[in-house]
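What follows is a single structure, written as structure tokens, with notes after it.
Hydrogens, waters and symmetry mates play no part in the numbers below; they use all other heavy atoms, side chains included. Fair warning: this is a prediction, and the values are worked out from it, not measured in the lab.
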Amino acid sequence: MTYVLQNVVFPLDRDPDLLPLYVDPETWSTIADEPVRVSSRAQIGNILDRRRARIVAGRRVSFGTYFNAFPASYWQHWTAVRDVRLRIRTTGPATILVYRSTGTGARQRIDTREVDGAAESVFDLVLDQYSDGGWIWFDIVADEKNAVFEGAEWTTEQEPARTGKASIGITTYNKPDYCIWTLLNLAEADDVLELVDRIYVVDQGDQRVDQQPEYAQVAAALGETLEILTQPNLGGSGGFARAMAETLRRPESGFVELLDDDVRIEPESVRRSIVFGRFASVPTIVGAHMFDLLNRPKLHAWAEVVDEAPFMWRTLNQHQMPHDFSVSNLRQTAMLHSRLDADYNGWWMCLIPVEAIREVGMPLPAFIKWDDAEFCLRAGRAGFPTVSVPGVALWHVSWVGKDDSIDWQAYFHARNRIVAGLLHSQAPHGGTLIRHSRRMDLKHLMMMQYYPVALRHRALRDILTGPAHMRGNLATAMPAARALAADFPETTVYKDTGVPLRSRLGRQVFKQVRPEKLDSPKGIALRWFTFSTLIAHWFHAPRPENVDRPEVEFGKGDAHWWRLPHYDSALVSAADGSGTNIYTRDRAKYRRMLIESVRLHRALKRRWPALSAEYRRALPELTSLEAWDRTFGGSA
């Protein structure tokens with residue numbers, strides 16, 4: 001039997017910005033002496049449908065792109081597939097060239113074929129030289145006349161390791177328009193639905209998906225495949241846990257595919273993730289990469305890891321991310337050809353085998369943040385690896401226009417990271433985690449951001465009470481954190497009213513440089529800056545005129561922790577550009593919170609071994625299906 005591993009596809013949207021991710025017509029211009037790819041409506045006009053494209057006479061088109069090259073190294077390393085067949089259909093005179101790359105990005109020709117008329121070209125490929133990395137792709141060159149690319153697939157005749165279908169779980173909170181769009185696109189993708197058992201929409205908001213005008217069309221198209229589940233807002237962990245619980249009760253489902261709500265999917269990626277999960281040598285968590293929904297050629301997440309010492313997540317090759325495919329394509333970017341191994345994958349899109357859930361349990365009742373990383377770490381130690389597969393991706397609203405470290409989510413950032421550290425860190429006392437947490441408090445205090453410090457301290461106090469608090473405040477922690485904002489004037493965003501707010505000394509402007517070139521203090525200078533700033537803020541009250549009116553103004557990108565402390569107050573643009581916050585130094589809050597930070601972190605360090613043992617003993621109950629079922633029943 002022949003199994004399709006990967007179809008060659010073109011964008012669902014006729015969007016020139018998407019073209020570099022699917023096909024590269026090799027049209028270039030020069031701007032400021034730099035080579036730049038140029039997209040045009042004429043090129044988009046050569047895309048005939050989802051599977052077909054016109055190759056203009058005399059032009060060369062490469063399919064060595066993110067979505068249409070074949071990630072050979074990942075298939076060789078994580079599956080037993082060794083024989084792959086590439087089948088290409090064309091009409092008209094053309095030359096087909098097949099290439100591979102090495103782990104360092106070096107290009108090598110594999111085969112060449114000249115065709116004419118209606119032709120089907122077959123290339124048999126062996127996956128035996130891709131241990132460190134590498135892709136396989138093809139180019140098509142049209143001769144004296146236009147040619148038409150009629151479609152292509154990467155297939156194998158090897159049997160998959162498992163054959164279960166996947167249930168899809170979409171967790172949503174008041175984003176019904178996104179969900180409807182996702183469901184409509186799934187309904188039109190027959191080859192995806194062949195692999196899908198159920199689609200669960202876990203609706204936790206009051207703007208219901210099933211009350212949208214388009215819902216009747218969606219429900220009719222998907223039939224019994226679609227189920228809408230409603231429950232109070234239990235966060236991402238509560239919504240995804242519900243999808244997992246429902247999937248475990250479906251004998252036809254071998255996987256659950258978790259999807260965020262504020263996304264745009266590529267249906268072929270959903271199909272590829274399920275197929276990869278079926279062929280994986282051992283049950284494997286199959287993650288997806290994340291592109292920016294508002295800047296669609298820009299890739300933000302490839303493979304993510306948790307560093308042991310600070311117990312903090314990051315993207316591999318972080319200094320090279322995000323990567324903009326409109327500037328540098330796949331073939332030009334050596335970094336993207338090495339095989340990058342992940343510790344976890346974000347639950348914007350993540351396929352989880354049911355064996356992993358049955359073995360290691362459900363998510364932590366974390367509400368949001370770190371539930372995905374903690375689950376993958378737990379699963380990895382039980383023998384279920386996570387693979388972030390190239391060519392499997394979606395578009396998600398990125399964090400570029402957000403700063404959730406200073407809003408209500410600061411509670412969950414702090415609490416869930418420390419709880420994950422208590423559960424999984426192998427370093428004594430969590431390595432540098434506690435020191436890093438204390439430094440986060442100091443930075444916020446020096447920047448006059450007292451609200452996130454209050455939330456972080458609430459998180460520490462809850463952690464010190466023991467693991468029972470996590471399920472106990474699952475439904476209440478978020479509204480309580482949001483309500484606390486009323487006590488902190490700096491959380492007010494002053495919207496544009498036509499009369500801009502003014503500061504006494506005007507806007508502070510700094511030269512824009514790369515992050516690694518910022519003028520932040522380091523070494524001895526950093527120690528002196530921290531010490532002198534802490535002392536100054538302790539002893540010196542702000543001047544009255546700077547309390548009555550902000551002293552200076554900063555753009556969000558300039559308002560760093562080593563600049564704001566020099567002033568008594570500042571106007572700072574909101575991360576999304578929607579308005580301005582006013583930060584004002586409050587000596588009483590500063591003193592009280594600084595003392596509390598020292599006290600709480602000392603307590604955490606002193607009790608770390610005992611707390612770690614307590615949280616680890618409680619983990620099976622915290623993540624059990626029975627405990628989650630009680631939560632769902634109690635919240636219904």
Side-chain angles (χ1 to χ4, degrees), residues 310 369 403-419 421 430 432-465 469 473 477-478 480-493 526-544 546-547 550-551 554 559-572 581-608 611:
K369 306 299 179 187
D403 188 354
D404 57 18
S405 67
I406 62 172
D407 67 11
W408 59 268
Q409 298 178 67
Y411 172 88
F412 298 101
H413 273 293
R415 185 196 66 174
N416 296 346
R417 176 191 176 194
I418 294 172
V419 167
T432 59
L433 189 159
I434 296 175
R435 183 174 68 190
H436 188 271
S437 176
R438 188 170 58 242
R439 286 178 176 175
M440 288 293 293
D441 278 4
L442 296 182
K443 286 182 179 180
H444 286 306
L445 288 173
M446 291 190 294
M447 294 175 71
M448 301 168 281
Q449 295 170 342
Y450 305 113
Y451 175 56
V453 179
L455 291 173
R456 290 173 53 79
H457 291 174
R458 176 175 290 188
L460 288 169
R461 285 191 289 270
D462 284 347
I463 290 167
L464 292 169
T465 67
H469 85 274
N473 72 7
M478 185 272 283
R482 296 182 70 128
L484 188 63
D487 297 335
F488 295 89
E490 77 267 17
T491 61
T492 300
V493 178
L526 172 59
R527 291 184 178 89
W528 173 249
F529 171 82
T530 304
F531 174 77
S532 60
T533 301
L534 292 174
I535 294 299
H537 282 211
W538 183 277
F539 285 108
H540 299 292
R543 295 170 61 182
N546 294 331
V547 175
E551 185 176 4
F554 282 96
H560 294 294
W561 59 266
W562 63 91
R563 291 174 179 160
L564 278 179
H566 293 294
Y567 304 96
D568 290 337
S569 59
L571 278 172
V572 179
N581 299 87
I582 299 178
Y583 296 107
T584 304
R585 190 148 55 84
D586 186 319
R587 189 168 60 170
K589 283 181 181 176
Y590 169 81
R591 288 176 170 179
R592 183 176 67 253
M593 288 182 169
L594 182 59
I595 293 171
E596 183 72 350
S597 180
V598 172
R599 186 188 70 81
L600 288 170
H601 285 97
R602 279 181 177 172
L604 180 61
K605 184 174 183 178
R606 184 179 65 256
R607 295 181 54 192
W608 184 275
L611 280 171

| Intermediate values then yes/no, side chain to side chain contact (heavy atoms under 4.5 Å, CB included), M593 and D441 | CA-CA 9 Å; M593 288 182 169; D441 278 4; over 6 Å; no
| message | Would Y583 and H444 count as a ring-ring contact (aromatic ring centres under 6.0 Å, His included) here? Give the steps. | response | CA-CA 11 Å; Y583 296 107; H444 286 306; 9.8 Å; no
| What do the steps show when you test Y450 against L445 for side chain to side chain contact (heavy atoms under 4.5 Å, CB included), and what is the final call? | CA-CA 6 Å; Y450 305 113; L445 288 173; 3.8 Å; yes
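Rounding to the nearest 0.5 Å gives a distance of 8.5 Å between CG of L455 and CG of D407. Y411 contributes atom OH, which lies 4.0 Å from atom CG of N473 (distance to the nearest 0.5 angstrom). To the nearest 0.5 Å, atoms CG (L594) and NE2 (H537) are separated by 11.5 Å. One finds the CG atom of L460 at 9.5 Å from the CZ atom of R599 (value rounded to the nearest 0.5 Å). Interatomic distance, CG of L526 versus CH2 of W562, reported as 10.5 Å (0.5 Å rounding). Taken to the nearest 0.5 Å, the CZ atom of R438 stands 10.5 Å off from the OG1 atom of T432.
Side-chain polar atoms of S405 and H413 form no donor-acceptor pair below 3.5 angstrom. Side-chain contact check for H540 and D568: no donor-acceptor pair (N or O, by modelled atom type) lies under 3.5 Å.
Salt bridge status for R585 with E551: absent, with no side-chain N to carboxylate O gap under 4.0 Å.
Judged by distance alone, the side chain of H469 and the main-chain N or O of D462 form a donor-acceptor pair under 3.5 Å. Using a distance-only test at 3.5 Å, with no hydrogens or angles considered, a donor-acceptor pair links the side chain of T491 to the main chain of A485. Formation of a donor-acceptor pair under 3.5 Å by the N581 side chain with backbone atoms of L571 is not found in this model.
The 12-atom threshold is not exceeded at NZ of K605, counting heavy atoms of other residues, nucleotides or ligands nearer than 6.0 Å.
Inter-residue side-chain proximity for W561 and M440 is flagged as unmet; no heavy-atom pair is nearer than 4.5 Å. Side-chain contact between E490 and I406 is absent, with no heavy atoms from C-beta onward closer than 4.5 Å. Looking at V572 and L564, their side chains come closer than 4.5 Å, going by heavy atoms from C-beta outward. At a threshold of 4.5 Å between non-hydrogen side-chain atoms, the residues L604 and L611 count as touching.
Closest of all the heavy-atom pairs between I418 and S437 is CD1-OG, 4.2 Å. The nearest pair of heavy atoms linking M447 to A559 is CE-O, 3.3 Å. In terms of heavy atoms, P550 sits closest to A570 at CB-C, 4.2 Å. The heavy-atom pair separating R591 from W538 by the smallest distance is NH2-O, 2.8 Å. The two residues L534 and L442 have their closest heavy-atom pair at CD2-CD2, 4.0 Å. Residue K589 comes nearest to P489 through the heavy atom pair NZ-CD, 3.9 Å, listed as atom of the first residue, atom of the second, then distance.
Ring geometry for F554 versus Y567: interplanar angle over 60°, hence perpendicular rather than tilted (30 to 60°). Taking the six-membered ring for Trp and thresholds of 30 and 60 degrees, W528 and F531 have ring planes inclined between 30 and 60 degrees apart.
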